[in-house]
J.: 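Encoded as structure tokens, here's the structure I'll be asking about.
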Amino acid sequence: MCSARRAAVAITAYLRGEPQRMIARLLEAERPAFFDIAALPQSDAERAEMPVLDGDQRNASFGREVHPGSFGAETAEGPFSEVETGFDEATALREAARCMQCSCQAAGSCSLQKHALANGAGTIQFIGTRKTARFAPLVNRGFFQMDREKCIRCAKCVRICDEVQHRLVYRIGEDGYPALVSGTDDYRDTECNSCGQCVSACPTGALKDLSHTGQRRSSERSKTTTVCGYCGVGCALTLETENERVVGVSNSFVSEANHGNLCVKGRFGMGFINHPDRLTQPLIRRGGKHAPLEEASWEEAIAFVAQGLLKVKAQHGPQAIAGLTSARTTNEDNYVFQKFIRCAVGTNNIDHCASLCHQASVVALGQAVGSGAPSSSMRDITQADAFLIAGSNTTETHPVASGAVLKAKYEHGARIVVIDPRRIEMVDHADVWLRPRTGTNVALLNGLAQQIIEEGLADQAFIESRTENFEALRDNLKKYTPEFVSSVTGVPPERIRQAARIYGQAARGMILWGMGITQHISGVDGAFGLINLALLTGHVGRPGAGFIPLRGQNNVQGASDMLGFKNALPGYQRIDDPEVRSKFEALWGVPLPTHPALTVVEMEEAASQGDIKAMFVLGENPMGSSPDITEVERGLRRLDLLVVQEIFMSETAKLADVVLPVTSFAEKDGTFTNTERRVQLLRPAIAPVGQARRDWQVICDIATAMGYPMAYPDSAAIMEEIAQAVPQYAGIRHQRLEQEGIMWPCPDTEHPGTRVLYEKDFPRGRGRFTVTRYSACGEASCDEYPLLMSTGRMLQHYHTGTMTRRADGLDDLVPHGRVEIHPEDARRHGIADGDRVRLSTRRGSIEVPARVSGRSPEGEVFVPFHFAEASANRLTSSRFDPVSKTPGFKKSAARIERVS
Ligand code: SF4
């Protein structure tokens, strides 16, 4: 029995005088730990029914040995030993006097208090004296603090950090209280990533969430369960509100996507919702391009947009107009927006951020298996026994998904191969790290496939029954021996063999990949290389085996589902299929345009060349996210009309002729579809701020003003129409999502959704092996630009920073950009850690502090793209993969110099 229960039992039993009844109730309240997917209850009622685990059983539920010394000798005790021995009266009194302070912020969520109240002990005697003041508080910036005066030594904070987060932050001190492993009082001296899981596990107020800004106790606040608005994991969370303000975040256990886990952004990054910078009123430039933006009524703004678009359409035709929508808005918003662009404007020129990130994956998967969908789920990640993690800095970009990987590793010994030029955090957990030269993915993946065949690890039965084009693949791979591949990639031959064995010999192999694969000029071939590996080994179509291209933003999957791509309508249905066209024309009541769409980069180039005259940007910020933003700016400034629908005055909104204020995810209903195809319901926690309106409502009004009437009573009605239009969503309705999300395909309203795809066949019938050949592409270093620059994300920030940089704690943690540089390169250029440097490419320059570290390989630098004042995309090139049109963000020739 843990010391939490010991203290609780002792105190409450003392106060109430009925120890056995108290003990029984407290034991019933224990429940297994986070991420125990098989055991996790789905509702409060189920949780109350959970069997009680003793210490050993609980450790077994984590599936791994407790670190020696982590939890002290008490964890080895049986469940009832201290019940029998108990605390003596003096000990109980001492504990009660020290930790019972019921005016603390945990009031209402403190388990100790809850059990005392439930058992009639009351809290009248819970008066903390604080006479001892043995401990200084441990403060983690603006996120949380630990006050060990209230600690009951349950060690839950130590365990969740150690066993779920796999971080060295806490230890149990000799006095039995938690302390930092560093021996200091500063979390920055540890591996803490400020996820706050320890706060959520603390049963008392010892760990206090400092980001909660409310005046009331937690139990007195309104609580709304919704879906995190940041990354593609799609974590369920609870927004706590007071007076129409979000004042805190707490865990929600309703989704299998996260099982109550949250990362630093989800738990502490919601300060942007009620930030004073929120746009609250429409703005228009009444006096033309050089006039200031002025406040306007909604009526005036909608008329301004409608007339402006109609004018461009009349003068230049609908092809001169383009729409760019957002993976941060809901499926319903995206569906309505693409319908507006196609039906009211009359063009297919509609795109979103997938063209900048995972379109290469969608294209490759579409050609190889017939669908761009991820084949598996978060649950499958926890069940895999080998991982290829390629070009994905998972602990930073998808933190809760990385927890699922580590659960598989530390609970049942799953093995991990990491493919990444940077020494990312996952390397510390990897069995094999392959560090290819940037831009050589195709050669490396061919090398792995060659070795799998060479060593007899290919699944011949699967190849024969489920695939085609194997002979062509095998012939092409002959030259990709480990030695040849090593000469191209720099990866030692033996490592290639080891990695091939780990994945090839696994019973359940899982491939996770990110933009380190796709954001190359050969991005589609990189994705083909990974799919070939899955088909070769038969690691697809079974629980625990498959592939997931980890989607970056919260609703990239859903936005892709709603928009299609280039020549596709919603649900990826071909625009040139007569049956598809007549279905949509009947549903929408107008003839549809026929030409393929421009992608975002093509739109920007067309704007720059004067071919696109008007753009409608909904929730995107191309002035931060698109490559070569100097050129992007030139194009946007040339437009006759730029409409931006946003929650903040982004860099793109500053250039707009009309700015339309809309609701954030916290003020919305509708759905997001996460990276595992799970469609989940959002619920509005607060009323819209100021005059902000829902995206789809604004779009409907503009469409109507343009002569194409659009109206829906609510977002649920939009989903009804989506269900008619998109076969994968045919059975999805909002009311079905009230309890839990549904993974598409869901063909009818009785269907439970589909967790594992391709169990029997692929959408195209047989999976097709694709022959890919390595050739050097992208910019190469040279005398003038001797380094290679790649860009990417950081844990603490998101996309172009419009939200996270308005979340105080996150911005305080990482307030500015940086360039990561190898110590040897730093020495060569006379740069010390923290020096201000100028980083230049053929497109431009930025000035940022240098971070000297061995994370990037020698000869390469890394720049996060979240910071407008030093935007990495001032430096990147708009050259793109010829098939997916995804730009090569990961490889630009660069030079660096110290700024004196
Ligand atoms: Fe939000 Fe992603 Fe963090 Fe989950 S992992 S809390 S979805 S940012």
Side-chain angles (χ1 to χ4, degrees), residues 34-35 143 160 164-167 193-200 209 211 225-240 246 248-273 327-330 357 374 377-378 381-382 392-407 425-426 512 514-515 548 550-558 664-666 671-682 685 741 792-807 809-810 813-814 866:
F34 289 51
F35 254 127
F143 299 133
I160 198 164
V164 176
Q165 295 305 113
H166 301 278
R167 285 178 182 271
N193 66 354
S194 306
C195 67
Q197 297 275 61
C198 55
V199 184
S200 71
D209 188 331
S211 74
T225 295
T226 187
V227 184
C228 178
Y230 285 120
C231 87
V233 177
C235 296
L237 48 75
T238 300
L239 295 177
E240 300 191 5
V246 174
V249 175
S250 49
N251 300 54
S252 164
F253 290 84
V254 301
S255 176
E256 261 203 24
N258 65 314
H259 285 286
N261 294 281
L262 293 173
C263 78
V264 63
K265 290 193 288 293
R267 193 183 303 282
F268 300 119
M270 298 300 162
F272 74 90
I273 296 168
R328 280 180 277 180
T329 60
T330 63
C357 57
S377 69
M378 292 286 283
I381 293 177
T382 66
S392 162
N393 185 3
T394 324
T395 59
E396 296 205 43
T397 56
H398 300 82
V400 169
S402 76
V405 172
L406 298 181
K407 175 181 166 69
E425 220 171 41
M426 192 59 85
L512 306 177
M515 286 172 249
I548 304 182
L550 289 164
R551 300 307 201 108
Q553 298 200 63
N554 51 335
N555 196 35
V556 185
Q557 183 64 55
S664 75
F665 86 100
T671 54
F672 289 154
T673 305
N674 78 350
T675 195
E676 46 169 3
R677 297 172 277 108
R678 189 182 301 274
V679 186
Q680 302 188 103
L681 192 61
L682 277 80
R793 296 167 181 231
M794 303 172 75
L795 168 71
Q796 300 83 357
H797 285 293
Y798 176 73
H799 203 245
T800 58
T802 51
M803 300 192 302
T804 48
R805 297 197 71 195
R806 290 180 173 91
L810 298 177
L813 208 54
V814 184
H866 312 293

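FYI, side chains are in, hydrogens and waters are out, and symmetry mates aren't considered; it's all heavy atoms of this structure. In each ligand, atom 1 is the first atom listed, and ligand 1 is the first ligand listed. These numbers come from a predicted model, not from an experiment. Sequential numbering from 1 along the given sequence is applied to the chain's residues.
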J.: Is it true that the side chains of R267 and Q197 contain a donor and an acceptor less than 3.5 Å apart?
T.: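 Checked: R267/Q197 side chains pair up, N/O donor to acceptor below 3.5 Å.
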J.: Examine the side chains of S377 and E256 and answer whether a donor and an acceptor come within less than 3.5 Å of each other.
T.: no
J.: When V249 is tested against each of D209, T238, L262 for side-chain contact (heavy atoms from CB on, under 4.5 Å), which residue passes?
T.: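 That would be L262.
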J.: For atom 2 (Fe) of ligand 1, check which protein N, O or S atoms are under 2.8 Å away and list them.
T.: C231 SG
J.: Between T395 and R167, is there a side-chain donor-acceptor contact under 3.5 Å, judged purely by atom types and distance?
T.: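 Checked: R167/T395 side chains show no N/O donor-acceptor pair below 3.5 Å.
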J.: Quick check for you: to the nearest 0.5 Å, what is the distance between C235 atom SG and N674 atom CG?
T.: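 C235 atom SG to N674 atom CG measures 9.0 Å (nearest 0.5 Å).
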J.: If the plane angle is over 60° it's perpendicular, under 30° parallel, otherwise tilted; pick one for H866 and H797.
T.: tilted
